[in-house]
Amino acid sequence: MKHPEPETTPVLELEGVSKSFGAVRALRGVSLRLYAGEAHALAGENGAGKSTLIKVLAGVHRPDTGTVLLDGEPVGFHGPADARDAGVAVIYQEPTLFPDLSVAENIFVGRQPRRSFGRVDHRAVRRATAELFERLGVDLDPDRPARGLSIADQQLVEIAKALSFDARVLIMDEPTAALTGSEVARLFGVVRTLRSQGAAVLFISHRLEEIFALCRRVTTLRDGALISSEPLEGLSEDDLVRRMVGRDLDDLYPKQRTEIGEVALGVRRLTREGVFTDVSFEVRRGEIVGLAGLVGAGRSELARAVFGVDRFDGGEVEVLGRRLRTGAPSAAMAAGLALVPEDRRAQGLVMDMSIERNIGLTGFAATTRAGLMNRAAERDRAVDWAVRLQVKYARLAHVVGTLSGGNQQKVVLAKWLATSPQVLIVDEPTRGIDVGTKAEVHRLLSSLAAQGVAVLMISSDLPEILGMADRVLVMHEGRLTAEIPGSEATEEAVMAAATGRADRGRTAA
Amino acid sequence: MPDATTTTMAPAVRPPALARLGGAVRWDTAVGVLLLTLLVCSFSFVDNFGNALNLSFLIGNTLPIALIALPMTLLVVSGEVDLSVGSTAGLSGAVMGALWNAGMTIEAIIPLCLLLGVVCGLINGLLVTRLGLPSLAVTIGTMAAYRGIAQIVLGSDSVTDFPTQYLDFGSGRIGDTFVPYAAVPFTVLLAVAVVVLHATPTGRSLFATGAGEEAARFSGIRVKRLKLSMFVTTGLISALTGVFWALHYASARYDNATGLELSVIAAVLLGGIDFDGGKGTLGGAVAGVLLLGTLQNVMSLTNVSAQSQIVVTGVLLVISVLAPRVGRQVSEARARRRTRAAVVPPSPRTS
Amino acid sequence: MTVTADPVRQQPAPPPDASRRLVDRVFKARELAVALVLVLILGATQLSNTEFLSEQGVKDLLLNATILVLVATGQAVVVITRNVDLSVGSVLGISAFAAGIHLRDGGSPLVAVLLAVGLGALFGVLNGALVSLGKVPALVVTLGTLYIVRGIDSIWVGSRQITADALPAGFVDFGHDGIWVLPYLALLATAVLAGVAYYLRSYHSGRDLYALGSSPEAARLAGIPVRARIMTAYVLCGALAGLAGALYLARFGNVDSATGNGYELTVVSAVVVGGVAFTGGSGTVYGAALGALLLTSINSVLPAIGVSSVWVTAINGFLLLLAIAADRILALRVAAALRKKAARTRSARHA
Amino acid sequence: SGTTKDSANKAAGPAAATGKADPNKAIKKGLTVAFLPKQVNNPYFTTSDGGGKKALEQLGSTYKEVGTSSGTDTSGQVSYVNTLTQQQVDAIAVSAQDPGALCTALKQAMKNGVSVVTYDSDTQTGCRQAFVSQASAEDLGRTQIQLLAKQIGGKGEIAILSAAQTATNQNTWIDFMKDELKKPEYKDIKLVKTAYGDDDAQKSFQQTQGLLQEHPGLKGIVSPTTVGIKAAAQYLSGSKYRGKVKLTGLGTPNDMRAYVKNGTVEAFELWDPAKLGALAAHTAVALESGRITGAEGETFTAGDLGSFTIGKDGVVLLGKPTVFDKANIDQFKF
Ligand SMILES: Nc1ncnc2c1ncn2[C@@H]1O[C@H](COP(=O)(O)OP(=O)(O)OP(=O)(O)O)[C@@H](O)[C@H]1O
Ligand SMILES: Nc1ncnc2c1ncn2[C@@H]1O[C@H](COP(=O)(O)OP(=O)(O)OP(=O)(O)O)[C@@H](O)[C@H]1O
Ligand SMILES: [Mg+2]
Ligand SMILES: [Mg+2]
């Protein structure tokens, strides 16, 4: 059955909206209609203008031209508060929490339940938060401060916040990018309930299967312009990809056959108290090893300790036979190690610096002459990698913070791949990257492995792990619980180990 | 492979040259222009301003601030601040006086004073980097501590009888030119600082550290060591300033250079250095120092009272932050109006 | 497909009562460290000089702290929003003089106090407008208004001064009398402090101030009226500085154009010692008040145990460093303990 | 100011300073004399500079006042000396924040033909032509002890509350106080401590508290600084020590009136700051006119202040300080 546009008035509507940032035209005359009780997907490559569109809907940006209509009436949102008051709840692409406030306060900031004389009812806030978490199946202490939450947990708090509004319109910009399957499933369950209660939902994701699982209608953007707005029924993933990128997609997991060589990264009995315990594994040259686990399993923390950003309390790390000191990333880099961190905004990039200089940060050795910066060399190095990774930028001298989320991720990759590492640890390398470029990143990792680089890939995108890894390590609550050869790795096996239901016999030695 | 248009930006409406210029004029350039304008006006209209003696006075009095502004700029760019500079200078002067009274030769004293500055900086730096304390808090503490030690060391003495050739170096000028002797080493230090901040990996690392410390750490920059070295440098230069101060004013007292930190910070802020770290240029900082110094000199020459001078300084500071902001908003508003006029909505292709 | 995997976070963690209580205690510990240092210092002093905590002694301690407590309370509110108000000293001075003029001309004390508060609030509006409308760095703006207000003050006041004989006797008596050892001024300050603390804890707009300081960007997205809140903080801070000015007049019976000069640094020290982070979003006004009490007590303790005033500055600095370092070390210890505890519970769950 | 001088006139300056004085030379008119106090807006200096201004008007010369708004901004004072040199004023009357720091600048000024007089607070002798002293340091030191001794009945513990530890004047006076205390009639008086309030109201306040707590038996306090005595009086008058602990020192009648009347303070002393300023003005004009050079033994008249003789090291002495008490304080308005 086709789903023609309903006859009713859309709850929220965009009409011919354009928005430019200086020379960059992020949106050009885009229209969009959101109906009550319908989930609507927004698709497009990195930098297509999806987040910008959402920010227009949320009152963060004011459109240069065009109008926003609520229940058919034009409205001028003067700020996020206006949109919120109109019943629009938004989950932004980048979590925007208050690190010093408790998780509960984060969720209810500005609209806490009150007692007499307008006083905040702290107990009610806590109770409501606990209920929300219950609904989402989130295991977080409402009283802990938001500082120090992993990206995934932050995203979960954002989701809880958006749900707590009981909004008429729920807008979600890549809410699932950092989540694993189970959390996504929970989230979808809750969203479906809201939808059936009459909420309009706008959903963005680069995981196409999620779009198909949740939405009925899809709008596609390319370079800020509207390409199509149509029912999803009858559309295949390939159709959608073609609309987004204007061509057919190559194989998403282009695994090359490689020669597995000597041990490049050896981790023995590594322990950081309270975070991970007694972790041992090896990664060989030419090998891609996947590291799977649930949110909060400690994968990212392990990667950080290996790279030396965090100290470890016991155990040792060896790169190409060289033993690394604890807490010395510069030594790790010198030994040939690179880490693409998971949080691109805080850890990956200096948001206020230019694209060029961000990429240049890892390459002083190559771009100095007699102790002085060689700007031409710095520029060449940056251009080379920006182009190879298809970063969509206007000028390399522009501040990296103005790039779209996916393009920022590409700059992080560029920054580290430019160091020609021997051992590459990538933590959520394709978080927020569009399907087209994702394949490109996979091809790149694959060809690096073929050239003898050892790759450790942490990802919450299980198909990605299964599609790319020669071997899968699984962590659960700070311990390595399984080591599964790529050929035997299935979703069930990995999930079993990740949830602690693993067959202990297969646990890594 | 995707076609070329996806890799680079789709051709967009180029903003008119003027708007681009508006965005490009940074505050530090503006301070430079302001300084030049002031100098030109002063040379033409202010009696007694343009002669060599007055200019040498002007430069001599501004030098202590300018000297400390160099490392302070680097430190602030890296996201920290040192309020103890005035006290370090005072301590170095006091120790210089005490040791001179004790009969040591000045050639032995000066290196000791500089070493003392290094130690002061090291203490600040270690407290900030090892204990992770905020530099503002630490240096408010050491500001009092160093000044207090200076008071203990020299007490109520005022040492004035340093060797004449040193005193002459501190207060004299080269022949009949307007250049004080001390301006020569300053120029060298300035050149070094400019190169370090703007043309070396160290400078890049400083900017990165100030703008995003965590990202800098993840990029393999040794953030703590870098900050420590900046504190040490600041201590060293402050001590040097203390020695210069004692010679320039021919007086070593424990309260030398009191309040210098506020002058330095005001000047550096005026020069467009962002106290959140990661932004600014040395040119701007030095222009800020000279602008304040010149303005004060001119106002004194034109009999503007001390009180009015304070008001002018304050107004200048406020304008220095409001002006670029207002300018940007105006140019943004103009740009928005222009695009609104230019955009013709394309008809959506619907399948 | 990913979306079909079964729910994972099986059993919610056991009710985190124990850990919550520990966390609570950590938060309180920030103030606790300062309180502990304070008690130790006072106790030790009392042991060496039994006169110290006599009726008059306690009264003096409380009176000395009053003015700083008020200003630090206001400052803490501003600092919590990730801003700063350096102009408090100047505002205190000018409002004290305004109140003094009013009283000298035969005005009523109540009106004089209101006048001072109103004048302070007016400067708060100025600061708030400059900071929030221009969205410019508060440090620069308020350094600017520090100079401007001080300049205006000294032009207006000139060499005039308000002396005790110009003030009504009742007003001067109010400055030092009280109920038993509790001076009226201290009671007033305590009431204000408790009011502000309750406001920050229990009202939307109060909580917003923390949110705002914690992440300005997130605050904007959450629809918090950022400008209005910043304005509130500055007006409160200015009003409290004004009130402190009026009390200064009552306490010292003497105001001239130099009153309040350099006070900003003392206030900032108090706030920092009290554990209010300059990065915004954390700390309490109680902490700031304790910091103020600690600072003024040190200044009373040293003369009382006969430390020569030559040593006072140095010891002051060291104690300041000690207080912030102790606070930090305690926090680190507790954090480490928490991490160990988390590890233990986790491995218990794992086993 | 409008006064411009021809270079011949200018050259006369240094010549006069080194050459011979002629007491019969005509008093020059139309000179510009700049007052550079330790601190502008300080009531004490405003009064004294006001005296200077009046004297200069009578002499037909121009008065101007410049200075820093902080009393410890030595570098600021130096740059004011430089500025005045640049502006080619005829004479500078300066109250030095630091005896050494101004020297280079003042010598530079004298080299450029500016006559330099210090008043209230001196520099090193070589850096000025004459010092107009408010009263002999010896007199000031000794009389304050004498005043206090009388008030406390010649026995008990006393303390001194001074300004900054580096304050030149105060330190000289304190030396003489200590010397005075060595006399046998003060054998029952014990000086237990010298505290420093840095001429800051709050600090002086707390130092007073500290003195009383540390020495509960304290009978009296001498504070040879106007800021210090005022703060101490304010504390005493609001505490249980009012009238029990005696306070004296140097203060202005306006500041102290309330405390004298409420019984906190019996008597204190000071010279007349307006006369000090006037004498400084007369000295400066006499120097610039070539009537004196600043050498010992030279005599000159200073309007209705009378005739003065330059003492050793170029010091001109104003006279003895006035003692203020309940009986006479209402006659003085400064
Ligand atoms: N604040 C800004 N200043 C300048 N340019 C911006 C700004 N925000 C977005 N852009 C530009 O607008 C374009 C659209 O960005 P947007 O974030 O909407 O993309 P997106 O579709 O959300 O991409 P992604 O999938 O990577 O998140 C990009 O070219 C981006 O560089
Ligand atoms: N039981 C816990 N209590 C408090 N914080 C925890 C707990 N478990 C994990 N964390 C926090 O979660 C994070 C650890 O997760 P980490 O980011 O290493 O996980 P991950 O496996 O990489 O998962 P992801 O990256 O998908 O979030 C850390 O920030 C840690 O402080
Ligand atoms: Mg986006
Ligand atoms: Mg992770």
Side-chain angles (χ1 to χ4, degrees), chain C residues 45 48-57 59-61 63-64 67-68 150-151 153-155 157-161 163-167 169 172-173 175-177 183 248 250-259 261-263 266 296 299-310 312-313, chain D residues 37 39-47 49-50 65 69-71 161-162 164-165 192-217 227 230-231 233-235 237-242 252-262 264:
Chain C
T45 312
S48 83
N49 178 352
T50 49
E51 194 68 5
F52 184 65
L53 291 180
S54 65
E55 192 177 321
Q56 179 75 40
K59 208 167 143 182
D60 287 343
L61 270 182
L63 271 176
N64 290 342
I67 289 157
L68 189 57
R150 184 183 296 168
D153 186 31
S154 48
I155 290 171
V157 176
S159 64
R160 291 183 293 166
Q161 56 175 343
T163 50
D165 64 333
L167 303 173
V172 177
D173 289 342
H176 50 68
D177 286 351
Y248 183 101
R251 171 80 174 125
F252 294 103
N254 191 288
V255 173
D256 57 27
S257 66
T259 300
N261 272 10
Y263 205 52
T266 318
T296 48
N299 275 331
S300 299
V301 160
L302 296 182
I305 54 175
V307 173
S308 154
S309 39
V310 176
V312 167
T313 321
Chain D
Q39 184 181 23
V40 291
N41 275 349
N42 176 318
Y44 167 80
F45 281 109
T46 305
T47 314
D49 293 3
E65 186 197 33
S69 48
S70 147
L161 174 67
S162 181
Q165 204 196 350
V192 289
K193 183 161 179 184
T194 304
Y196 299 93
D198 289 345
D199 266 358
D200 173 277
Q202 293 199 40
K203 215 163 180 181
S204 307
F205 210 82
Q206 291 193 327
Q207 287 295 334
T208 314
Q209 291 173 2
L211 284 176
L212 292 164
Q213 281 176 350
E214 190 190 355
H215 304 284
V227 179
K230 196 161 62 182
Q234 171 72 8
Y235 175 69
S237 87
S239 75
K240 65 177 183 185
Y241 305 106
R242 182 205 293 190
T252 70
N254 279 353
D255 284 353
M256 302 303 291
R257 193 161 293 131
Y259 310 116
V260 169
K261 293 196 168 162
N262 76 12
T264 310

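Basis for what follows: all heavy atoms, side chains included, without hydrogens, waters or symmetry-related copies. In this text, all values refer to a predicted model and were calculated from it rather than measured experimentally. Below, read A as the first sequence line, B as the second, and so on, with proteins coming before strands; counting in each chain starts at 1.
Heavy-atom pairs under 4.5 Å with chain D were tallied for C:Gly158, C:Ser54, C:Ser48; the largest tally goes to C:Gly158. Annotation: maximal heavy-atom pairing with chain C below 4.5 Å, among D:His215, D:Arg257, D:Lys193, occurs at D:Lys193. Annotation: maximal heavy-atom pairing with chain C below 4.5 Å, among D:Val40, D:Thr47, D:Thr46, occurs at D:Thr46. Taking chain D as the reference chain and counting heavy-atom pairs below 4.5 Å, the highest number among C:Asn261, C:Val172, C:Thr163, C:Asp60 is found for C:Asp60. Interface remark: of the candidates C:Asn299, C:Val312, C:Ile305, C:Asn299 forms the most heavy-atom pairs closer than 4.5 Å to chain D.
Looking at D:Pro216, the atoms closer than 4.5 Å to chain C (heavy atoms on both sides) all sit in the side chain, from C-beta outward. For D:Tyr196, the parts lying under 4.5 angstrom from a heavy atom of chain C are both the backbone and the side chain. Contacts between D:Tyr235 and chain C at a heavy-atom distance below 4.5 Å involve the side chain alone, from C-beta outward. Contact annotation for D:Tyr259: only side-chain heavy atoms (C-beta onward) come within less than 4.5 Å of a heavy atom of chain C. Residue D:Asp200 does not touch chain C at all, counting heavy-atom pairs closer than 4.5 Å. If you measure heavy-atom distances from D:Gln234 to chain C, the contacts under 4.5 Å come from the side chain alone.
A donor and an acceptor atom, one from each side chain of C:Asn64 and D:Gln209, are located under 3.5 Å apart.
Between D:Lys230 and C:Asn254, the closest heavy-atom pair is CD-ND2, 2.9 Å. The heavy-atom pair separating C:Pro303 from D:Glu214 by the smallest distance is O-OE1, 3.2 Å. Nearest heavy atom pair, residue C:Gln161 against residue D:Asp255, reads NE2-OD1, 2.6 Å. Scanning both residues, D:Gln213 and C:Gly57, for their nearest heavy atoms gives NE2-CA, 3.4 Å. Here the closest heavy-atom approach between residue C:Ser257 and residue D:Asn41 is recorded as OG-CB, 3.5 Å. Here the shortest heavy-atom pairing between C:Asp165 and D:Ala258 reads CB-CB, 3.3 Å.
For the atom pair CD (D:Gln39) and CG (C:Asp256), the distance works out to 8.0 Å, reported to the nearest 0.5 Å. Taking NZ of C:Lys59 as the start and OG of D:Ser239 as the end, the distance is 8.5 Å to the nearest 0.5 Å. Between atom OG1 of residue C:Thr296 and atom CD of residue D:Gln206 there is a gap of 6.5 Å, rounded to the nearest 0.5 Å.
Listed by chain and residue number, D:Lys203 satisfy the salt bridge (Lys or Arg N to Asp or Glu O under 4.0 Å) test with D:Asp198 (two or more places apart in sequence, or in another chain). A search for salt bridge (Lys or Arg N to Asp or Glu O under 4.0 Å) contacts involving C:Arg251 returns nothing, not counting sequence neighbours.
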